[in-house]
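We name chains A, B, ... by the order of the sequence lines, and we start the count at 1 in each one.
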2 protein chains.
Amino acid sequence: MKKKREGKTTSKIFDDHDHGMCFDDAIEQIENYFLKKNLQFTPLRRKVFEILIRDHKPLGAYEILEALGRDGFSSSPPIAYRVLDFLMEHGFVHKIQGLNAFIACSHPNHSHSPAFVICRKCEKVAEIDEKKSGISFASPNIKNFEVEKTTVEMTGVCTTCSSAATI
Amino acid sequence: MKKKREGKTTSKIFDDHDHGMCFDDAIEQIENYFLKKNLQFTPLRRKVFEILIRDHKPLGAYEILEALGRDGFSSSPPIAYRVLDFLMEHGFVHKIQGLNAFIACSHPNHSHSPAFVICRKCEKVAEIDEKKSGISFASPNIKNFEVEKTTVEMTGVCTTCSSAATI
DNA sequence: CATAACATGTTATAACATAACACTACCAGT
DNA sequence: ACTGGTAGTGTTATGTTATAACATGTTATG
Ligand SMILES: [Zn+2]
Ligand SMILES: [Zn+2]
Ligand SMILES: [Zn+2]
Ligand SMILES: [Zn+2]
């Protein structure tokens, strides 16, 4: 059986971006980036990114594979994982560890350590900015350790879901 | 084939606790907690916790299962996952999302949002305290969202590993 | 003792991820 | 044009992590 991953309601923190613009911007930005870096934005890579940015919600690798299959691409697992790794290396996709899922980056311009807010009911996910949100995550400067990557995920319930339900 | 999960070197951030004491304390604390809460600290639960606290390093569920098998317990997957879920509910075990592994809590007294420092070379893991370490993680108070659980993991390389190796 | 709640055991399968190798296209140096 | 290297994609098989569903035993509690 399949794990549910629908999502139906919204809450303010999840709605603070204009996704129409977000989508167009994202495509343009990734194109420019690849051009500038002399990287190939192949049909497969473009398609995977489009699948992720289209609804701008986290998708499991196998959901991406299904979508690829529907669009005439190969849908064996390594296809998705390789492209996802590539897009993550360049900061256009992040992995949500708590969901084993992947999501298109919401702030692909500046390099950043992403933080995510995840509603465990509707499974909506928002990528937040250190400064913009209440969260202040002082740059981790641990003694005797060089931090290369941080994972920050906040799971809970959004207002819409909590007001709608009987817990 | 098996993923490596050995760990051989140490760095200061990983050595700031006396594990002999840590082990004894942990056992005593979990016993007291279960007694006070009228929960059953069954042989299976005790064994799982002992396996985790013994070396105080992250173990995969299937590693725990092997250890259980060696000690005469059943070693089918649900056994481990159920006990781990239970111990996590009560704050005595945490899951390291970046490693798909479980580790005994280092600060089982006070309720806390654990944060972890993970060396990707030796796979040593330290659970750090907000205040004690350089990290300051302001309590996330996001608008229109009630945070229930935070995941904070910092991956990098410890001094020992970085000084030892040719990157 | 009845019975409900909790705990463990067992089988099967789902969900997630990678290894290894094959094939093609493209480009650089000869 | 030949050669060898690199990058991208395709394919098969398998490894790894986690859960569903159901059976059995064990422990309060009225
Ligand atoms: Zn968007
Ligand atoms: Zn929600
Ligand atoms: Zn310890
Ligand atoms: Zn190390």
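The distance from atom NZ of A:Lys95 to atom C1' of C:dA17 is 8 Å, rounded to the nearest whole Å. Going from atom CD of A:Gln97 over to atom P of D:dT17 covers 13 Å, rounded to whole Å. Remark: P of D:dA28 and NZ of B:Lys37 are 19 Å apart, rounded to the nearest angstrom. For B:Lys47 and C:dG9, the NZ to P distance is 13 Å, given to the nearest whole Å. Atom pair A:Leu84:CG and C:dA17:P shows a separation of 9 Å (rounding to whole Å applied). Rounded to whole Å, atom P of D:dA18 lies 13 Å from atom CG of B:Leu59. Taking atom CG on A:Leu99 and atom P on D:dT17, their separation rounds to 19 Å, with Å as the unit. Put simply, CE on A:Met88 is 9 Å from P on C:dA17, counting in whole angstrom units.
Base pairing of C:dC27 is made with D:dG4, judged by Watson-Crick or G-U wobble geometry with both donor-acceptor distances under 3.5 Å.
Distances shorter than 4.0 Å separate some side-chain N or O of B:Asn100 from OP1 or OP2 on D:dA18. Considering only side-chain N and O atoms, A:Tyr81 lies under 4.0 angstrom from the phosphate OP1 or OP2 of C:dA17.
Side-chain N or O atoms of B:His19 include one that pairs as donor or acceptor with a backbone N or O of B:Ile53 at under 3.5 Å.
Salt bridge annotation for A:Glu153-B:Lys149: absent, with no cationic side-chain nitrogen under 4.0 angstrom from a carboxylate oxygen. Between A:Lys57 and A:Glu123 no salt bridge is recorded (no basic side-chain N to carboxylate O distance below 4.0 Å).
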In 5'-to-3' order, the base (B), backbone-only (S) or no-contact (-) status of each nucleotide in nucleotides 4-11 of chain D, using a 4.0 angstrom heavy-atom cut-off, is ---SSBBB
Table please: side-chain donor-acceptor pairs of residues 72-86 of chain B below 3.5 Å, with sequence neighbours left out.
from    : atom 1 : to      : atom 2 : distance (Å)
B:Ser74 : OG     : B:Ser76 : OG     : 3.4

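Judged by atom type and distance alone, A:Tyr62 reaches the base of C:dA17 through a side-chain donor-acceptor pair under 3.5 Å.
Residues forming a salt bridge (Lys or Arg N to Asp or Glu O under 4.0 Å) with A:Lys47 (at least two apart in sequence, or on another chain): A:Glu50, A:Asp71.
Note: B:His56 and B:Phe23 fail the aromatic proximity criterion, with ring centroids not under 6.0 Å apart. Aromatic pair A:His90/A:Tyr33: centroids less than 6.0 angstrom apart.
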